[in-house]
S.K.: 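Quick one: the structure is below, and I'll ask about it shortly.
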Number of protein chains: 2
Amino acid sequence: MPIADARADDDAVAPSRVTIADVAARAGVSKGLVSFALNGRAGVSTETRDRILACADELGWTPSLRARSLSIDRSFALGLVIGRSPDVIAADPFFHAFIAGVESEFSTAGQVLVLAAVTPGRQEAVTYRGLASDRRVDGVILSDLRAGDERPALVAELGLAAVTLGRPDTDTPFPAVTIDDGAGIRTAVEHLVELGHRRIAHVAGPATMLHGHRRAEAFRAAMADAGLDGASVIETDFSANAGAEATRRLLDVSTGRRPTAIVYSNDHMALAGLAVAGRAGIPVPADLSITGFDNTELAEYVFPSLTSVATDAAAWGAVAARTLLASIAGEEPDDVELDPPRLVVRESTAVSPN
Amino acid sequence: MPIADARADDDAVAPSRVTIADVAARAGVSKGLVSFALNGRAGVSTETRDRILACADELGWTPSLRARSLSIDRSFALGLVIGRSPDVIAADPFFHAFIAGVESEFSTAGQVLVLAAVTPGRQEAVTYRGLASDRRVDGVILSDLRAGDERPALVAELGLAAVTLGRPDTDTPFPAVTIDDGAGIRTAVEHLVELGHRRIAHVAGPATMLHGHRRAEAFRAAMADAGLDGASVIETDFSANAGAEATRRLLDVSTGRRPTAIVYSNDHMALAGLAVAGRAGIPVPADLSITGFDNTELAEYVFPSLTSVATDAAAWGAVAARTLLASIAGEEPDDVELDPPRLVVRESTAVSPN
DNA sequence: AAGCTCGACTAAACCGGTTTAGTCCCGCCG
DNA sequence: CGGCGGGACTAAACCGGTTTAGTCGAGCTT
């Protein structure tokens, strides 16, 4: 009888002391029946069910996640493993919005978001194995897919549920939530072409990352469709530093051969590029047009403000979360294609100087 | 004997099937003794202990977190509740770096980071109660303290461990991890004063947020110490939009009364301010000096590059994580004061035009 | 030699749910 | 009237650890 104790009527009631057995006692039934009633299973008369629910209510009973977890072998937690080095995460505003979207869905579903950040490489598999072998999470969101990514297979082998952000180029048993970012790049290119630009360059993300690659391919295709060849593409690691460096290389040629427009694969690099141009005395947009990707908050507030491809990261997160929840609930959700990104035209793009 | 099954030698072994009972059987001892041995408790002969450990090893046993959780009443998860609206989180690069720092500590401690994002207000208490009543987490990191913040008391009442980021102005039983951001602001002001500035304004965070308030106070004090009075301070919500708006108000006065320098409470607002100045044709730093706070990646890559107060968010996260882990381990860690922030001088500050 | 303490170890309870195997009783059918 | 089916409900096992109460025997004391 461990309850007997000094404090008789403390107002700071020890939380969650009431168990299913207390409810059973009060309702005058067995533990098992209470469990049935609470889970809405057959075999309980409506009358009894109501009484049990009432008792649970009166006692303020809430189920113990721990116990539930142990018996039904679920953790009620979902994971997001961010496969980038901390610095890059730190820099990328996309993730914040994305996470906010995920969180909003999970919290209403009584699930919790477990965040694991890990540098890609050997460590990564270890992290997944850790999450899975301890069953810390019931499922994961796979982001930043790479070429030949082995993670879908790994996660499947570990028996976790998952959703991928974008369609992997490997076999996958998981639903994908995709957005046609290629279309976003194409829109940007078309916008520039309409403005009369012909020498358009692309500062791309790493080709090893699927979306980096996809955007670069979309860029090449859009250029070809516009009848422009020799599209110059510089590959980077998505960092502002790399964006600045790439821009310097692009601009450091004779004026006649210099691109009149640059399409960046994210806003951070575009902003860095804007600065490089400014420093080199090349006016934007008069002599150089620039487009970004992600439509970061800052894009609107810099000078000149940045034309950017807007993806709705929060919505993406929410949809991914819902899809994962559905998977875990045993449904087999289809792939979801999000609304295509749209180009937000601002001051950094104008008619070509030529 | 539930082990007997069709698949004799499958290489995809069902994970974590081996339980403590299996280990006990193999070592020829009781479950309880195995538990003692594994937890390094007294009452086991060294000989037996070694044998048990060897058996556990051979069987590849890993403890079930679920079961462990249930019996010792811990969740092995720590929470970070972000009390800002999603948009603001999304915009603030500080959090990414901070989270990365936290994560790195937790993961090596076998703890997991649970992220809860919630808009301040009524909801917030509910979120904390939810996390606590289900005991989803063993402790939390309290960030973004507000004036008269009721969260330390709430969290204490709920029986969670916690660490606060900064020292609350209310009574708290929890250790605080602090950084003297006031000193950062002071350094910025002193730097500007040395450059001959006398009309210096401050674009502050919300006074309801402790660090916003503290920075504003530090600004006023530093101005007073420099013999400058009538320090103008504009309060904002930390967003780029508000930063731009505040800057417009500051600059929209006759040239003779316009500030020659503006100290911003974060980089985002400073960047937006930079753009407003540029748009208004006020050259930075020739006619206007600008300083930021946080030393975001972008600060280095804009033009002119931004003088900013650098706090090491990742280190902050790591220290907060370690302190929380110590609390949970039963130690009573002291408050930790981080290295004071340092001013990174770049191009956006120069001698006063006067 | 009886009485004690102490270390090593076992059996069983326990955490708080879920789930299975029964029990009991009632009504229906042949 | 006996047998059967099935709904309502109970008792107990179970998930996989931790922890308590207790057993047993060796060694020490007086």
Side-chain angles (χ1 to χ4, degrees), chain A residues 1-3 14-53 55-56 59-76 110 133-136 138 159, chain B residues 1-3 14-53 55-56 59-76 110 133-136 138 159:
Chain A
M1 209 174 280
I3 293 183
S16 196
R17 277 237 54 117
V18 5
T19 80
I20 206 171
D22 300 328
V23 177
R26 169 174 259 243
V29 297
S30 68
K31 273 173 58 177
L33 201 62
V34 175
S35 177
F36 285 166
L38 292 163
N39 293 318
R41 290 179 40 161
V44 190
S45 70
T46 15
E47 186 185 2
T48 313
R49 175 186 314 273
D50 290 348
R51 183 158 39 93
I52 292 176
L53 293 180
C55 290
L59 261 35
W61 175 83
T62 47
S64 150
L65 246 98
R66 307 247 157 92
R68 209 139 202 281
S69 226
L70 178 58
S71 36
I72 70 178
D73 207 53
R74 285 206 23 203
S75 42
F76 305 99
S133 80
D134 297 349
R135 279 289 139 101
R136 304 293 305 238
D138 299 325
Chain B
M1 208 174 276
I3 293 183
S16 195
R17 277 237 52 117
V18 4
T19 81
I20 207 171
D22 301 328
V23 178
R26 170 174 258 242
V29 296
S30 68
K31 271 173 61 178
L33 200 64
V34 174
S35 178
F36 285 165
L38 292 164
N39 293 318
R41 289 178 41 161
V44 190
S45 70
T46 15
E47 185 184 3
T48 313
R49 176 185 313 275
D50 290 349
R51 182 158 40 91
I52 292 176
L53 294 179
C55 290
L59 260 35
W61 176 83
T62 48
S64 149
L65 262 145
R66 307 247 158 93
R68 210 140 200 277
S69 229
L70 179 58
S71 35
I72 70 179
D73 207 53
R74 283 202 30 199
S75 43
F76 306 99
S133 79
D134 297 350
R135 278 292 139 99
R136 303 295 302 240
D138 299 324

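Predicted model only: the values in this text are computed from it and were never measured. Order of the sequence lines fixes the chain letters, A, B, ..., with proteins taken first and strands second; residue numbering starts at 1 for each chain.
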S.K.: Mind grabbing the angle between the end helix axes of the helix from dA1(C)-dT30(D) to dG30(C)-dC1(D)? Five pairs an end, 10° rounding.
M.R.: 70°
S.K.: Using side chain to side chain contact (heavy atoms under 4.5 Å, CB included) as the criterion, list what pairs up with A25(B), not counting sequence neighbours.
M.R.: none
S.K.: With sequence neighbours excluded, what pairs up with A27(A) under the side chain to side chain contact (heavy atoms under 4.5 Å, CB included) test?
M.R.: V29(A), R51(A), I52(A), C55(A)
S.K.: Who pairs with R74(A) by side chain to side chain donor-acceptor pair (under 3.5 Å), at least two apart in sequence or on another chain?
M.R.: D138(A)
S.K.: Please name all residues satisfying side chain to side chain contact (heavy atoms under 4.5 Å, CB included) with D22(A), sequence neighbours left out, ordered by chain then number.
M.R.: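 For D22(A) the side chain to side chain contact (heavy atoms under 4.5 Å, CB included) partners, ignoring immediate neighbours, are V18(A), T19(A), L59(A).
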S.K.: List the residues meeting side chain to side chain donor-acceptor pair (under 3.5 Å) with S45(B), not counting sequence neighbours, and say none if there are none.
M.R.: T48(B)
S.K.: When the nearest nucleotide of DNA chain C is assigned to A67(A) and to T48(B) on a heavy-atom basis, which residue is associated with the more 5' position?
M.R.: T48(B)
S.K.: Below 4.0 angstrom from OP1 or OP2 of dG16(D), is there any side-chain N or O of R68(B)?
M.R.: no
S.K.: For a quick test of reading the model: is some side-chain N or O of S45(B) closer than 4.0 Å to OP1 or OP2 of dC9(C)?
M.R.: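 So the side-chain polar atoms of S45(B) do come within 4.0 Å of the phosphate oxygens OP1 or OP2 of dC9(C), strictly under.
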S.K.: Can you tell me the distance, in whole Å, between the CG atom of L65(B) and the P atom of dT18(D)?
M.R.: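 In whole Å, dT18(D) P and L65(B) CG are 11 Å from each other.
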S.K.: Side-chain N or O of W61(A) versus OP1/OP2 of dG17(C): is the shortest distance under 4.0 Å?
M.R.: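 For dG17(C), OP1/OP2 do have a side-chain N/O of W61(A) under 4.0 Å.
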S.K.: Heavy atoms under 4.0 Å, any strand shown: does L70(A) hit a base, just sugar-phosphate, or nothing?
M.R.: base
S.K.: Rounded to whole angstroms, how far apart are CZ on R51(A) and P on dC9(D)?
M.R.: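 These atoms are roughly 7 Å apart.
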S.K.: In whole angstroms, how far is the C1' atom of dG16(C) from the CD1 atom of I72(B)?
M.R.: 16 Å
S.K.: How close or far is atom P of dT19(D) from atom CZ of R74(B), stated in whole angstroms?
M.R.: 12 Å
S.K.: Please find the pair of heavy atoms, one from R49(A) and one from R41(A), that lie closest to each other, and give the distance.
M.R.: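 So the minimum-distance heavy-atom pair works out to NH2-O, 3.1 Å.
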S.K.: Looking only at side-chain N and O atoms, does R41(A) come under 4.0 Å of OP1 or OP2 in dT19(C)?
M.R.: yes
S.K.: dT10(D) P sits how many Å from I20(A) CD1, rounded?
M.R.: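 For the pair I20(A) CD1 and dT10(D) P, the rounded distance is 13 Å.
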S.K.: By salt bridge (charged side-chain N to carboxylate O under 4.0 Å, His left out), which residues pair with D73(B), not counting sequence neighbours?
M.R.: R66(A)
S.K.: Under the side chain to side chain donor-acceptor pair (under 3.5 Å) test, which residues partner R68(B), sequence neighbours left out?
M.R.: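 Counting only residues at least two positions away or on another chain, R68(B) forms a side chain to side chain donor-acceptor pair (under 3.5 Å) with N39(B).
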S.K.: To check you understand the geometry: which heavy-atom pair defines the closest contact between K31(A) and A24(A), and what is its length?
M.R.: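 Taking K31(A) first and A24(A) second, the nearest heavy atoms are N-CB, 3.8 Å.
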S.K.: Of all of residues 28-40 of chain B, which get a heavy atom below 4.0 angstrom from DNA chain C, listed by number?
M.R.: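 Per residue number, the list reads G28(B), V29(B), S30(B), L33(B).
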S.K.: In whole Å, I'd like the distance from the CG atom of D73(B) to the P atom of dG17(D).
M.R.: 17 Å
S.K.: So what does S69(B) touch, heavy atoms closer than 4.0 Å: a base, only the sugar-phosphate, or nothing?
M.R.: nothing
